[in-house]
Amino acid sequence: MEVDTAISGTQTLTKHSLPELEIYCYLLVLLFLIDQKRYNEAKVCSTAGIARLRNLNKRTVDVLASRLYFYYSLSYELTGDLAEIRGNLLALHRTTTLRHDELGQETLLNLLLRNYLHYNLYDQAEKLRSKAPRFEAHSNQQFSRYLFYLGKIRTIQLEYTDAKESLLQAARKAPVSALGFRVQCNKWAIIVRLLLGEIPERTVFMQKGMEKALRPYFELTNAVRIGDLELFKSVAEKFNSTFSSDRTNNLIVRLRHNVIRTGLRNISISYSRISLVDVAKKLRLDSPNPVADAESIVSKAIRDGAIDATIDHTNGWMVSKETGDIYSTNEPQIAFNSRIAFCLNMHNEAVRALRFPPNSHKEKESAEKRRERQQQEQELAKHIAEEDDDEF
């Protein structure tokens, strides 16, 4: 009896030792260790789980495997050893590609992009992103993360328009519960819009649960909008720790030129003629030769079309041209034409997307026409029958 019981217990254990159950147990233990902040033990557990996962090639494990990949990377990130697993992540990405595990490919691509961006390796991240196979997104969360990383890469590469689109789309697609992720998306999107010369609406900073986190960026936006270089410097120094933790310091340094240009635009609107010495004072330029710097800044702004003015080098003046009536130019016509073209394109796309039942283009037969057709058919049949009788 004891032998039979032992054999049946062994059979039961063998019967339930499924790969899916084993990976799920790895996940539970890993989550427990991370929650208890036992990160070194979590690293050991996640490494063992990945080693076991390499020997499995079952589609039923793919979803659990993608979660295990994420916590594997997280455990190493929490201990500051993220660079150690970059080779393993690349090998796992190659394996999932060969096995056509698209969910695993999505997850590992995002983890690799995060790994590269953590160490400011933007060029390598862009090379990986451009060479990685593309397919339809399976996870909305992974797609949101991909858009966020893509927006950061585009921002560093000075492609602000594409970066803005990616960041705003990532913020829209993110789940409502992912507040921290949406806050990060909005922080980068605000900086990108400022670099594009746009001023974000106040409602962006007043979103529920984001007011406190976006307060430094609200004050920064206010300084850029006014064009006050001194206020901009004080805000940058006041929230330096916040900007450093968000890794937006380099982008804020780029904003200095936008602040100067905004201030110069306000000066050109306010004064028809002003000396370059006064321009340097109003812009609060703190360089050794502020007048020469003001002259170069004004020249560049005129060349770029930011202001409509000329420089009188003899007297050292900036002479602003009179702002004429905009309705006397072709700008309103161009604006209306672009809007009308947009509406027409949208209408054409909507028409192409419509689906119609078969033969719906043919006119439906009315009851009167149907009676006439039936009467004609009866008369024709009667006439044929009479001809047959005559022949008989």
Side-chain angles (χ1 to χ4, degrees), residues 31 34-37 39 70-71 73-74 77-80 82 110 113-114 117-120 122 140-156 160 163-259 262-263:
L31 285 170
I34 292 175
D35 289 340
Q36 297 297 318
K37 298 184 179 180
Y39 301 135
F70 173 77
Y71 288 109
S73 177
L74 179 63
E77 183 177 353
L78 292 172
T79 56
L82 200 57
N110 286 334
L113 292 177
R114 182 181 181 85
L117 298 184
H118 183 78
Y119 294 100
N120 297 324
Y122 289 92
N140 187 58
Q141 290 85 349
Q142 295 298 334
F143 187 52
S144 300
R145 289 173 183 164
Y146 173 78
L147 290 172
F148 175 60
Y149 297 142
L150 177 60
K152 292 178 74 172
I153 293 171
R154 290 285 181 260
T155 303
I156 298 299
Y160 298 133
K164 172 190 168 184
E165 184 179 351
S166 298
L167 291 167
L168 293 178
Q169 191 176 0
R172 285 194 298 267
K173 285 184 172 292
V176 180
S177 58
L179 183 62
F181 178 79
R182 290 192 294 117
V183 166
Q184 287 297 320
C185 291
N186 278 284
K187 285 179 179 179
W188 279 75
I190 289 167
I191 296 292
V192 170
R193 293 183 67 181
L194 290 175
L195 288 169
L196 281 169
E198 302 176 6
I199 302 299
E201 301 81 7
R202 184 178 288 267
T203 53
V204 174
F205 305 96
M206 305 304 293
Q207 298 180 62
K208 185 178 180 181
M210 299 187 188
E211 298 91 342
K212 185 177 179 181
L214 296 180
R215 183 67 188 180
Y217 294 88
F218 175 74
E219 296 191 16
L220 186 71
T221 302
N222 189 44
V224 175
R225 181 181 60 83
I226 297 172
D228 190 339
L229 192 59
E230 198 67 28
L231 179 60
F232 173 77
K233 290 180 180 178
S234 64
V235 171
E237 292 174 0
K238 179 181 177 182
F239 298 105
N240 183 51
S241 58
T242 303
F243 297 144
S244 298
S245 61
D246 294 338
R247 296 192 170 193
T248 54
N249 262 340
N250 294 335
L251 302 178
I252 290 169
V253 171
R254 297 182 191 178
L255 279 175
R256 182 178 182 275
H257 178 68
N258 293 58
V259 176
T262 304

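Since this is a predicted model, take the numbers as computed values, not measurements. The first residue of the sequence shown is numbered 1, and numbering continues consecutively from there.
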### Summary
Closest non-hydrogen contact found for Leu195 with Leu251 is CD2-O, 4.1 Å
### Task
Please report the C-alpha distance between Leu220 and Ile252 in whole Å, then the side-chain angles of each, then the deciding distance to 0.1 Å, and finally whether the side chain to side chain contact (heavy atoms under 4.5 Å, CB included) criterion is met.
CA-CA 9 Å; Leu220 186 71; Ile252 290 169; 4.0 Å; yes
### Task
Would you give the length of the straight line joining atom CG of Leu168 to atom CG of Asn186, rounded to the nearest 0.5 angstrom?
8.0 Å
#### Entry: Interatomic spacing from SG in Cys185 to CZ in Arg145 - rounded to 0.5 Å
11.0 Å
### Query
Between Leu117 and Tyr149, what is the shortest heavy-atom contact and its length?
CD1-CD2, 3.8 Å
#### Entry: Contact list for residues 191-205, test side chain to side chain donor-acceptor pair (under 3.5 Å), sequence neighbours left out
Lys164-Glu198, Arg193-Glu198, Arg193-Glu201
### Query
Can you name the residues that form a side chain to side chain contact (heavy atoms under 4.5 Å, CB included) with Thr221, not counting sequence neighbours?
Ile190, Leu194, Ile199, Pro200, Phe205
### Query
Can you find a heavy atom in the side chain of Ile156 that is under 4.5 Å from one in the side chain of Asn120?
no
Which atom pairs, one a donor and one an acceptor, fall under 3.5 Å between side chains of residues 229-236 and the rest of the protein, sequence neighbours left out?
unit_1	atom_1	unit_2	atom_2	d
Lys233	NZ	Asp286	OD1	3.4
Lys233	NZ	Asp286	OD2	2.6
Ser234	OG	Leu231	O	2.7

### Query
Is Leu82 close to Tyr119 at the side-chain level, that is, under 4.5 Å between some pair of heavy atoms?
yes
### Task
Determine which pairs satisfy salt bridge (Lys or Arg N to Asp or Glu O under 4.0 Å) with at least one residue from residues 211-220, sequence neighbours left out, and list them in order.
Arg215-Glu219, Glu219-Lys238
### Query
Any side chain to side chain donor-acceptor pair (under 3.5 Å) pairs touching residues 239-255, not counting sequence neighbours?
Tyr160-Arg254, Lys187-Asp246, Tyr217-Asp246, Tyr217-Thr248, Ser244-Asn249
#### Entry: Residues forming a salt bridge (Lys or Arg N to Asp or Glu O under 4.0 Å) with Arg225, sequence neighbours excluded
none
### Summary
dist Gln142:CD -> Leu147:CG (nearest 0.5 Å) comes out at 11.5 Å
### Query
In Å and rounded to the nearest 0.5 Å, what is the CZ to CD1 distance from Phe243 to Ile191?
6.5 Å
### Query
Got a sec, which residues hit side chain to side chain contact (heavy atoms under 4.5 Å, CB included) with Tyr71, two or more places apart in sequence or on another chain?
Leu27, Leu30, Leu31, Ile34, Arg67, Leu74
## Note on the structure
Here the side chain to side chain donor-acceptor pair (under 3.5 Å) pairs for residues 168-184, sequence neighbours left out, are none
### Task
Taking all heavy atoms of Val259 and all of Ala223, pick out the closest pair and write down the distance.
CG1-O, 4.4 Å
### Query
Tyr146: what forms a ring-ring contact (aromatic ring centres under 6.0 Å, His included) with it, not counting sequence neighbours?
none
#### Entry: Partner residues of Glu237 under the side chain to side chain contact (heavy atoms under 4.5 Å, CB included) criterion, sequence neighbours left out
none
### Query
Can you name the closest pair of heavy atoms from Ser144 and Phe181 and give their distance?
O-CZ, 3.5 Å
### Task
Check side chain to side chain donor-acceptor pair (under 3.5 Å) between Tyr39 and all other residues, then give those that pass, not counting sequence neighbours.
none
### Query
Which distance, rounded to the nearest 0.5 Å, do you find between the NZ of Lys208 and the CG of Leu179?
10.5 Å
